[in-house]
Amino acid sequence: MDNELKKTMQRYAKENDVPIIEQEGLDIILKILKKQEAKIILEIGTAIGYSALCMNEINNLMIYTIERDKLMYEQAVLNIKKAKKEDEIKLLFGDALIDEFILPPKIDVLYIDAAKSQYQRFFERFEHLVKPCGIVIFDNLKFHGYVDMELEDIKSRNLRQLIRKLKNFNEYVKTIDGYDYQFIDQGDGIGILRKLEQ
Ligand code: SAH
Ligand code: MG
């Protein structure tokens with residue numbers, strides 16, 4: 001993606017409160033994708049297509065990415081078109097937990113970056129696609145530092161509920177059978193599950 005498009009997308013995200021990945025987290029994810037020699041990724045939570053376009057720069061890998069918000073999806077369509085990446089980034093419109101999608105039978109990486117309160121459900125719905133030795137990446141496990149706070153110190157009820165769920169997820173993810181887990185305390189907190197050979 002050319003620098004101008006990248007800057008335009010970053011500006012749009014800032015002005016419209018779209019939570020695109022920040023550089024530190026992105027650098028880590030790109031490093032993992034390289035090492036993994038990933039060819040096919042499924043992303044949950046496209047937003048405007050920023051992370052998809054950034055990830056695609058590694059080996060021009062194929063990305064399938066799901067977005068349920070019409071406005072976000074339409075922005076992503078425009079951006080992918082501007083970047084001329086329609087052949088490599090497949091935008092899927094719908095709710096990742098409800099709708100049916102045509103997806104590849106095996107993926108190298110599942111990148112979960114949609115509603116933070118639903119991470120376990122996204123994982124359970126799509127993990128069967130991850131091939132042995134493939135990985136699952138979770139973004140925003142620290143949620144801007146709130147996850148390290150005591151629940152009673154969080155005043156907003158909605159935020160408290162979200163953080164409670166994310167705290168529970170952070171515990172649950174360590175216990176999943178058939179995977180090794182690693183938490184990377186950089187960016188907004190990145191979780192990596194690696195699927196065991198069998
Ligand atoms: N990956 C993007 C940011 C995604 S923000 C980037 O870093 O550039 C999270 C997005 O997930 C939002 O646009 C939201 O609409 C979408 N989302 C949340 N829940 C979803 C669901 N159940 N199905 C599909 N998309 C969902
Ligand atoms: Mg994110």
Side-chain angles (χ1 to χ4, degrees), residues 1 5-33 38 41-58 61-80 82-83 85 88-103 107 109-127 129 136-147 158 161-163 165-166 169-170 173 183-192:
M1 150 171 60
L5 178 58
K6 199 171 204 164
K7 288 263 142 49
T8 309
M9 289 176 82
Q10 288 169 347
R11 202 177 321 120
Y12 180 94
K14 202 166 191 179
E15 285 167 3
N16 296 280
D17 285 324
V18 182
I20 60 169
I21 184 129
E22 74 309 321
Q23 194 59 44
E24 193 176 278
L26 182 62
D27 287 341
I28 287 163
I29 291 172
L30 296 185
K31 211 188 276 173
I32 293 168
L33 297 182
I41 298 188
L42 172 60
E43 173 183 63
I44 315 298
T46 317
I48 60 174
Y50 179 78
S51 52
L53 278 166
C54 292
M55 292 191 290
N56 168 263
E57 288 184 347
I58 306 293
L61 37 73
M62 270 302 288
I63 303 182
Y64 293 76
T65 177
I66 303 176
E67 175 58 54
R68 70 173 171 191
D69 182 286
K70 194 73 198 273
L71 176 65
M72 287 295 104
Y73 170 77
E74 284 168 353
Q75 288 298 315
V77 169
L78 290 176
N79 289 325
I80 303 308
K82 272 187 206 158
K85 288 293 184 182
E88 291 162 25
I89 301 177
K90 299 292 176 202
L91 299 169
L92 306 168
F93 177 61
D95 191 311
L97 292 175
I98 298 170
D99 296 305
E100 296 296 331
F101 304 92
I102 297 175
L103 296 171
I107 59 177
V109 175
L110 170 60
Y111 175 48
I112 299 182
D113 193 24
K116 312 304 161 198
S117 55
Q118 307 286 342
Y119 271 14
Q120 185 173 345
R121 293 180 64 204
F122 294 127
F123 173 75
E124 286 170 354
R125 189 163 194 211
F126 297 107
E127 74 84 23
L129 298 173
V136 185
I137 304 176
F138 303 94
D139 190 28
N140 306 103
L141 291 183
K142 296 208 296 184
F143 207 74
H144 324 299
Y146 282 108
V147 167
N158 284 344
Q161 236 156 30
L162 172 66
I163 298 306
K165 285 200 169 168
L166 214 39
F169 181 79
N170 274 302
V173 70
F183 174 72
I184 300 176
D185 193 357
Q186 289 184 52
D188 196 22
I190 294 171
I192 311 283

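Note that these values count all heavy atoms, side chains included, but never hydrogens, waters or copies made by symmetry. One-based numbering along the sequence shown. In each ligand, atom 1 is the first atom listed, and ligand 1 is the first ligand listed.
- Atoms of ligand 1 lying under 4.0 Å from at least one heavy atom of Met72, given by number and element, are 13 (O).
- Interface of Asp95 with ligand 1, defined as ligand atoms under 4.0 Å from a residue heavy atom, comprises 21 (C), 22 (N), 23 (N).
- Closest approach between the Mg ion (ligand 2) and any N/O/S atom of Asp113 involves OD1.
- No hydrogens or angles considered: nothing links the side chains of Asn79 and Gln75 as a donor-acceptor pair under 3.5 Å.
- Between His144 and Tyr146, the ring-plane angle classifies as perpendicular under the 30° and 60° cut-offs.
- Contact of the Phe122 side chain with the Glu127 side chain is not registered, since no non-hydrogen atoms from C-beta on lie closer than 4.5 Å.
- With hydrogens and angles left out, the side-chain atoms of Glu43 and Tyr64 include no donor and acceptor closer than 3.5 Å.
- The side chain to side chain contact (heavy atoms under 4.5 Å, CB included) test with Asn56 is passed by exactly one of Thr65, Ile63, Leu33: Ile63.
- Protein heavy atom in closest approach to atom 17 (N) of ligand 1: Ala114 CB, 3.6 Å.
- When you scan the N, O or S atoms of Asp139 for the one nearest the Mg ion (ligand 2), you land on OD2.
- When each atom of ligand 1 is checked for a heavy atom of Thr46 under 4.0 Å away, the hits are 2 (C).
- A cation-pi arrangement, defined by a distance under 6.0 Å to the six-membered ring centre and an angle within 45 degrees of its axis, is absent between Lys116 and Phe143.
- Looking at heavy atoms from C-beta onward, Ile44 lies in side-chain contact with Leu42 at the 4.5 angstrom threshold.
- When only interatomic distances are considered, the shortest N/O to N/O separation between Ala96 and ligand 1 falls below 3.5 Å.
- Close contacts of ligand 1 with Ser51, meaning ligand atoms under 4.0 Å from a residue heavy atom, involve 1 (N), 2 (C), 6 (C), 7 (O), 8 (O).
- Numbered from 1 in the order shown, with element, the atoms of ligand 1 that lie under 4.0 Å from a heavy atom of Ile20 read 6 (C), 7 (O), 8 (O).
- Between Lys90 and Met62, some side-chain heavy-atom pair lies under the 4.5 Å cut-off.
- Distance from atom 18 (C) of ligand 1 to its nearest protein heavy atom, with residue and atom name: Ala115 N, 3.3 Å.
- Ring pair Phe123/Phe138 is tilted by interplanar angle, where 30° to 60° counts as tilted.
- Between Leu53 and Ile89, the shortest heavy-atom distance links the atoms CD2-CD1, 3.7 Å.
- Of all atoms in ligand 1, numbered sequentially from 1 with element shown, those under 4.0 Å from a heavy atom of Gly94 are 23 (N), 24 (C).
- Coordination check, Ser51 versus the Mg ion (ligand 2): failed, since every N/O/S atom of the residue sits at 2.8 Å or beyond.
- Protein heavy atom nearest atom 9 (C) of ligand 1, with residue, atom name and distance: Asp113 O, 3.2 Å.
- Looking at atom 7 (O) of ligand 1, its nearest protein heavy atom turns out to be Ile21 N, 2.9 Å.
- Considering backbone and side-chain atoms together, Gly45 places an N or O closer than 3.5 Å to an N or O of ligand 1.
- Remark: ligand 1 atoms within the under-4.0 Å shell around heavy atoms of Asp69 are 15 (O).
- With rounding to the nearest 0.5 Å, the separation of SG in Cys54 from CD1 in Ile29 is 10.0 Å.
- Protein heavy atom nearest atom 14 (C) of ligand 1, with residue, atom name and distance: Glu67 OE2, 3.4 Å.
- Residue contacts with ligand 1 leave out Gln118, since none of its heavy atoms falls under 4.0 Å from the ligand.
- Remark: among candidates Arg68, Glu22, Met9, the nearest residue to atom 20 (C) of ligand 1 is Arg68, based on non-hydrogen atoms.
- Counting heavy atoms from C-beta on, the side chains of Ile20 and Ile48 come closer than 4.5 Å.
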